[in-house]
Peer 1: 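Sharing a structure here in structure tokens format.
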Number of protein chains: 4
Amino acid sequence: MSGSTFGTLFKITTWGESHGAGIGVVVDGCPAGLELCTKDIQKFLDRRRPGASQFATQRKESDSVELLSGIFEGRTTGTPISMLIRNTSQRSSDYNDIASYYRPGHADYTFDQKYGFRDYRGGGRSSGRETIGRVAAGAVAAKLLAELGIVVTAYTHAIGGIEISMDNFDLEEARKNLTGMPDKEASAKAEAYLKECMTNLDSAGGIVACKVSNMPTGIGEPVFDKLDATLAKAILSIGAVKAFEIGDGVNVSAANGSTNNDSFRICDGIVTKATNHAGGILGGLSDGSEILLKAHFKPTPSIFQKQETINKNKEEISIQIKGRHDPIIVPRAVVVVEAMTAITILDMLLQNMSARVDKIKEFYHH
Amino acid sequence: MSGSTFGTLFKITTWGESHGAGIGVVVDGCPAGLELCTKDIQKFLDRRRPGASQFATQRKESDSVELLSGIFEGRTTGTPISMLIRNTSQRSSDYNDIASYYRPGHADYTFDQKYGFRDYRGGGRSSGRETIGRVAAGAVAAKLLAELGIVVTAYTHAIGGIEISMDNFDLEEARKNLTGMPDKEASAKAEAYLKECMTNLDSAGGIVACKVSNMPTGIGEPVFDKLDATLAKAILSIGAVKAFEIGDGVNVSAANGSTNNDSFRICDGIVTKATNHAGGILGGLSDGSEILLKAHFKPTPSIFQKQETINKNKEEISIQIKGRHDPIIVPRAVVVVEAMTAITILDMLLQNMSARVDKIKEFYHH
Amino acid sequence: MSGSTFGTLFKITTWGESHGAGIGVVVDGCPAGLELCTKDIQKFLDRRRPGASQFATQRKESDSVELLSGIFEGRTTGTPISMLIRNTSQRSSDYNDIASYYRPGHADYTFDQKYGFRDYRGGGRSSGRETIGRVAAGAVAAKLLAELGIVVTAYTHAIGGIEISMDNFDLEEARKNLTGMPDKEASAKAEAYLKECMTNLDSAGGIVACKVSNMPTGIGEPVFDKLDATLAKAILSIGAVKAFEIGDGVNVSAANGSTNNDSFRICDGIVTKATNHAGGILGGLSDGSEILLKAHFKPTPSIFQKQETINKNKEEISIQIKGRHDPIIVPRAVVVVEAMTAITILDMLLQNMSARVDKIKEFYHH
Amino acid sequence: MSGSTFGTLFKITTWGESHGAGIGVVVDGCPAGLELCTKDIQKFLDRRRPGASQFATQRKESDSVELLSGIFEGRTTGTPISMLIRNTSQRSSDYNDIASYYRPGHADYTFDQKYGFRDYRGGGRSSGRETIGRVAAGAVAAKLLAELGIVVTAYTHAIGGIEISMDNFDLEEARKNLTGMPDKEASAKAEAYLKECMTNLDSAGGIVACKVSNMPTGIGEPVFDKLDATLAKAILSIGAVKAFEIGDGVNVSAANGSTNNDSFRICDGIVTKATNHAGGILGGLSDGSEILLKAHFKPTPSIFQKQETINKNKEEISIQIKGRHDPIIVPRAVVVVEAMTAITILDMLLQNMSARVDKIKEFYHH
């Protein structure tokens, strides 16, 4: 297999290449009875659509979704939901050059080594367009989570070294500016930084953060399928992510138990925690606090500077990449992180339903 | 399921509680013909055995493994290898207190929420002893990888804020000192720091690094089962890990493409890279360079200071934990990281065998 | 999940309803480098196409396949192959009646019980059209098997009580007549029988047999994933199949060991068996002989006679089904059995590649 | 993998060889809170224990189970239940002969072909003792099903050609006689037949039937994971089973729709069916009627007559098998069929819990 399926009960299978006929996803295991229409999906897809910003590739794609199955009279039927997004703006000629050499930081070389050859047009399957299927599936998951009162929210936490301040946190701002940062001031600085990168024919990286509110407790599985472990896989499976943090993340390795432990407290009769260094997960299971994760994205490898590399004949050459490339992928990756988080959370919620005999008896007997 | 199985073709299933009869693992999918004996496993288990250091729990366990199946005349038969390690030093009385309350930073509360009750003795299934099965399975994977010339090596990269210097790198040192650090000087500083933590009735965290040498290229799957994504899940599934990095990890988010990209080069006719910011993985597939990952461990939550928490009646209380606890788990976790990495790498190597028609024809026709 | 995925390494995911936008399949794990074009798929689809015979539904569908991904320059790339077949001849009005009641022998009642409601148009997901995705995927598997010299051949073994005689076996005959029987005489009798059934407003059942020639030995897994067990699941997952036999099948229960055992023999230096009661599988692994299985299909439940049933208000009613229905599904099911067998065989061949250390070393080292 | 894991949410992994240290199983995904003790398991194991009848191998094994994990204070904790049954009566010397040749009807040859060599002692992993793990796991599943009011009952339906009469059905009889037949008269005839077989140094086959009472409706998944398809795999995965039937099974292929269709009826306000040709499953989902399946077992291949075969040097030889072998395995296989059925039914019940949004909301919100 090429590992194009994710999930155990809520299971998504994506397919498609950057310059093929289209991109798509099959969602198997979506529970029956969810109201769902094209608009629900399109709203998510529009958040990652290219061509909308000076900081994104200028490739114009409407990325319109067609719902092919699994819906009847406006509701999911419990059978697979197949979604198709046609590619419309392929300019394969841009890629003739790269057929013969290996771009630094790209999967060109490793694909050739694995499969013997590759669809080199626009990166083929390793293109960022592969995430369209994830986003479409994530829209379904997020809608169902919303029915349970659970909200997943991703945003840009940092670009280059510029971090947002939680004091300025404003999600509406994030949804309308070009950086995805929920902090107007930081966003302005980041824009300036990105322009500088573009002037230098260079690219930038950044951090996407994602939080999950109103989580039930006890979700996740205690050993290999810990909630955080499964989220880590979901997030690292997004191209260009090189690090994953949950809660305090990399800071825990320099911390002490006395400060890192979160005290349990009672607030209005409800269990809570005085702090949330753990990021909402203890022993792989949700603890009822907000889940907080971070994904570190590397700078786009496609830069317009001259670069050293090799060609298929194993000769060292200099190249200069052309075409339409994002100087940073973070703003468009926000919704991808949100989608993968939603898919993971929902799958674990469904898996959790069979954890207890008393609840199973209740389920089948009343 | 409780998610106690890991892997697709090389598949491990662990079981066991801290204070039950024992701990074990079933390895399914180990190829036939590998020379394997108890000693191969014991060598790995001894590296995580408790009671061997002032910085580890004083619980004395020999952790002797019994090989129950899957071996015939000294070689694996291709059928499941079942391994059993009896618990011998249970002191359940230490844990009577914790039956009634929830320790901060532990899985007590979340287990109760998920399952309705828990085996509270020594943390039950969420104890660090759960990793014994992983280490036993990892010993098998590492032995098979060695047959292919692939070496997996983990070591302590940092404790508290004290990092090793790569200039002093000395693996033999790491295998004999109490910190697992391959740098004598850093190790001495870390020891001093740990003593200070113990004096303060506190605990410490740290970083385990792991490298994989001599990897074939093209290993991993391009979408959800990327090699780094699968490693991330493997590593985050180890209790107490809160962040995962591949290659430059969290540093990529502040980097630029021009410096983060690794140029391909030819060295003696062989493809290589001028740098290795990517940590040996491009597009989810191994690129032939050394794989380098890091796992951030939080400080042991069991500290002897007074702590605030709640009990099962949802009353706020103060507690003081007793028993035998590691002031830091990093030195004993080194071999766990090594084991999980070896298991993942081997599984992906096996999965990769069916990637190409030409190789399949060769396999079945010669 | 709704269980729409089949296979471990060669993995297919089907989707689609009888009267939705279309039907499709995603094949994940097809090895790279297989020459594949629309024609290869269409050839298989045409064998199950409706409207071609007086013994099949008169619904006219061209069932034209569109290859959406996973192919580049005429060869598979190793990434998912997505195939789409649009529905064009939906006559949903035929089904308004059945929205309100439960047809005997159909899944109407059980779908409503499971999901709370159903897409009742033409049976929705439980329609025979669901098998289109299987056939498209089976065409890919069969093509790859052919590269390995393995041939999968299904045919009609019996209709009603009329069985073929192996003495008259003529596969070409089977591919051109209306019954799929490789025996001209039996086919003529079966046609007469089917006409009689139609006159009686009744339907008929039958047996599809499938053989696999030139199988390598040792394919399959020894416990739960036995080759015959996996085939049984593959075949029983086809709607209307009520029994599965391997080799002598139901006859073994009345046999004796002395006659049922197949003696191993040597023929021109090659291991063979004097007989093949086992149907080519011993201990769940292929033994090198021809694999022979049989699938028993029930008569089409949609008959035009008056029938007793209930409606959604739990009232007993009489109904008379209208629309376009096959008086027998066996002739069109032949290629479905062939497809599911090919998919299973290929998947097990891929899984088998990691069975031995010596072969793995050879694979990675030369 | 060697395919030693079965199930999706209720997941069992078996291990062990006939003449190794023991046999065992790990049950992962057993819901928390089930009262369970050694006795519950032993009761099932005793039903397949050897040495108890003249029609069974004379190997004496107590097959005592040890519960190693997953139970606390008499109840399952939700974590893996590991069970160990030591082998105590290995007489490996019986098997020195068979190291060098391939017994007809056994897996000797196919194992050697797959793995390069085999643990030949008593058939190794392909021994009937492999089913001990299944029976132990089945005991757990059956106990949980009983809590839901669901009862799984297997019995011997036929031996040689001798079938039971449903008019004489008496389950108590089946549980105490040597054939497992719930019909005293048929059982007596079968005993006489078996004695004749033994006199002839021959062996016999038979049919095990299994019924599931009080099934909820809508259980199963509609495409590849149909309830009957999954049962077929479960049952065919038992060594020596060569055919599987659900409901009318092989008889449907000669039937007509008008007689094979089961009319829905209302009885005391409850949906029922006038007949049950379908065996309780429609479209892969349970329809609320009794589920009825049949497994056809071949005669034990180990017979004491002289047989023709080949040895490892590919020479044709005559052999005469020694040792302790069952002249028929059917009576001891009854509980194995019951176990595999219980495991499958429970797993599908758990999977079904996430089928509907309204039920998920109810589960998480009240």
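Protein chains get the first letters and strands the later ones, always in sequence-line order, with residue 1 at the start of each.
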Peer 1: I need the residue from B/Ile12, B/Val357, B/Ile162 with the largest number of non-hydrogen atom pairs under 4.5 Å to chain A.
Peer 2: B/Ile12

Peer 1: Among B/Asn251, B/Ile270, B/Leu285, which has the most heavy-atom pairs under 4.5 Å with chain A?
Peer 2: B/Leu285

Peer 1: Measure the spacing between CD1 of B/Ile281 and CG of B/Leu231 and express it to the nearest 0.5 Å.
Peer 2: 5.5 Å

Peer 1: Does the side chain of A/Lys359 come within less than 4.5 Å of A/Ser354's, by heavy atoms?
Peer 2: no

Peer 1: Would you call A/Asp108-A/Arg118 a salt bridge at under 4.0 Å N-O?
Peer 2: yes

Peer 1: Output the distance between atom NE2 (A/His106) and atom CG (B/Asp287), rounded to the nearest 0.5 Å.
Peer 2: 14.0 Å

Peer 1: Looking at B/Tyr101, B/Tyr109, B/Tyr193, which makes the most heavy-atom pairs under 4.5 Å with chain A?
Peer 2: B/Tyr109

Peer 1: Which bit of B/Asp262 comes within less than 4.5 Å of chain A, counting heavy atoms only: side chain, backbone, both or neither?
Peer 2: backbone

Peer 1: B/Glu308 versus chain A, heavy atoms under 4.5 Å apart: side chain, backbone, both or neither?
Peer 2: both

Peer 1: Would you check if there is a donor-acceptor pair between the side chains of A/Ser258 and A/Asn256 at a distance under 3.5 Å?
Peer 2: no

Peer 1: Can you tell which part of B/Ile317 gets under 4.5 Å to a heavy atom of chain A, answering side chain, backbone, both or neither?
Peer 2: backbone

Peer 1: Of the listed residues (B/Asn352, B/Thr300, B/Asp358), which shares the most heavy-atom pairs with chain A below a 4.5 Å separation?
Peer 2: B/Asn352

Peer 1: With chain B as the partner, which of A/Val271, A/Asp248, A/Ile235 has the greatest number of non-hydrogen pairs under 4.5 Å?
Peer 2: A/Val271

Peer 1: Give, for atom OG1 of B/Thr131 and atom CD1 of B/Ile23, the distance between the pair rounded to the nearest 0.5 Å.
Peer 2: 8.5 Å

Peer 1: Does a salt bridge link A/Asp225 with B/Lys233, judged by any charged N lying under 4.0 Å from a carboxylate O?
Peer 2: yes

Peer 1: So what's closer than 4.5 Å to chain A heavy atoms on B/Arg265: side chain, backbone, both or neither?
Peer 2: both

Peer 1: Measure distances from B/Thr5 to the heavy atoms of chain A and classify the residue's part below 4.5 Å as side chain, backbone, both or neither.
Peer 2: backbone

Peer 1: For the pair A/Phe6 and B/Phe224, name the ring-plane relationship: parallel under 30°, tilted 30 to 60°, perpendicular over 60°.
Peer 2: tilted

Peer 1: Would you mind telling me which of B/Ser126, B/Gly288, B/Gly283, B/Pro301 has the largest number of heavy-atom pairs within less than 4.5 Å of chain A?
Peer 2: B/Pro301

Peer 1: Return the option, out of A/Cys197, A/Gly279, A/Ala355, A/Ala255, with the maximum number of heavy-atom pairs under 4.5 Å with chain B.
Peer 2: A/Ala255

Peer 1: What residue in B/Met340, B/Gln305, B/Glu245, B/Glu316 has the most heavy-atom pairs under 4.5 Å with chain A?
Peer 2: B/Glu316

Peer 1: Using a cut-off of under 4.5 Å for heavy-atom pairs, which of A/Gly123, A/Ser203, A/Gly161 has the most such pairs with chain B?
Peer 2: A/Ser203

Peer 1: In terms of heavy-atom proximity below 4.5 Å to chain B, should A/Ile303 be classed as side chain, backbone, both, or neither?
Peer 2: side chain

Peer 1: Please state whether the side chain, the backbone, both or neither of A/Phe297 comes within less than 4.5 Å of a heavy atom of chain B.
Peer 2: backbone

Peer 1: Can you see which heavy atom on A/Val250 is nearest to which on A/Ser253, and at what distance?
Peer 2: O-OG, 2.9 Å

Peer 1: So which atom in A/Lys314 and which in B/Gly269 form the shortest heavy-atom distance, rounded to 0.1 Å?
Peer 2: CD-O, 4.0 Å

Peer 1: Using heavy-atom distances under 4.5 Å, tell me whether B/Ser286 contacts chain A through its side chain, its backbone, both, or neither.
Peer 2: backbone

Peer 1: Below 4.5 Å from any heavy atom of chain A, which atoms of B/Arg134 appear? Answer side chain, backbone, both or neither.
Peer 2: side chain

Peer 1: Top residue by heavy-atom pair count (under 4.5 Å) with chain B, among A/Gly105, A/Ala204, A/Gly206?
Peer 2: A/Gly206

Peer 1: Under 4.5 Å from any heavy atom of chain A, what part of B/Lys242 do you find: side chain, backbone, both or neither?
Peer 2: both

Peer 1: Quick one: what part of B/Ala158 sits under 4.5 Å from any heavy atom of chain A, side chain, backbone, both or neither?
Peer 2: neither

Peer 1: Nearest 0.5 Å, what's the CD1-NZ distance between A/Ile246 and A/Lys226?
Peer 2: 13.0 Å

Peer 1: Out of A/Gly205, A/Ser237, A/Ala107, return the one with the most heavy atom pairs under 4.5 angstrom to chain B.
Peer 2: A/Ser237

Peer 1: Restricting to non-hydrogen atoms, name the atom on A/Ala243 and the atom on B/Gly249 that form the minimum distance, rounded to 0.1 Å.
Peer 2: CB-C, 3.7 Å

Peer 1: Just give me the residue among A/Thr217, A/Ile207, A/Asp202, A/Asp112 that pairs up with chain B most often, heavy atom to heavy atom, under 4.5 Å.
Peer 2: A/Asp202

Peer 1: To the closest 0.5 Å, what do you measure between CD1 (A/Ile266) and OG1 (A/Thr272)?
Peer 2: 8.5 Å

Peer 1: Quick one: CG on B/Asp228 to OG1 on B/Thr344, what's the gap to the nearest 0.5 Å?
Peer 2: 11.5 Å

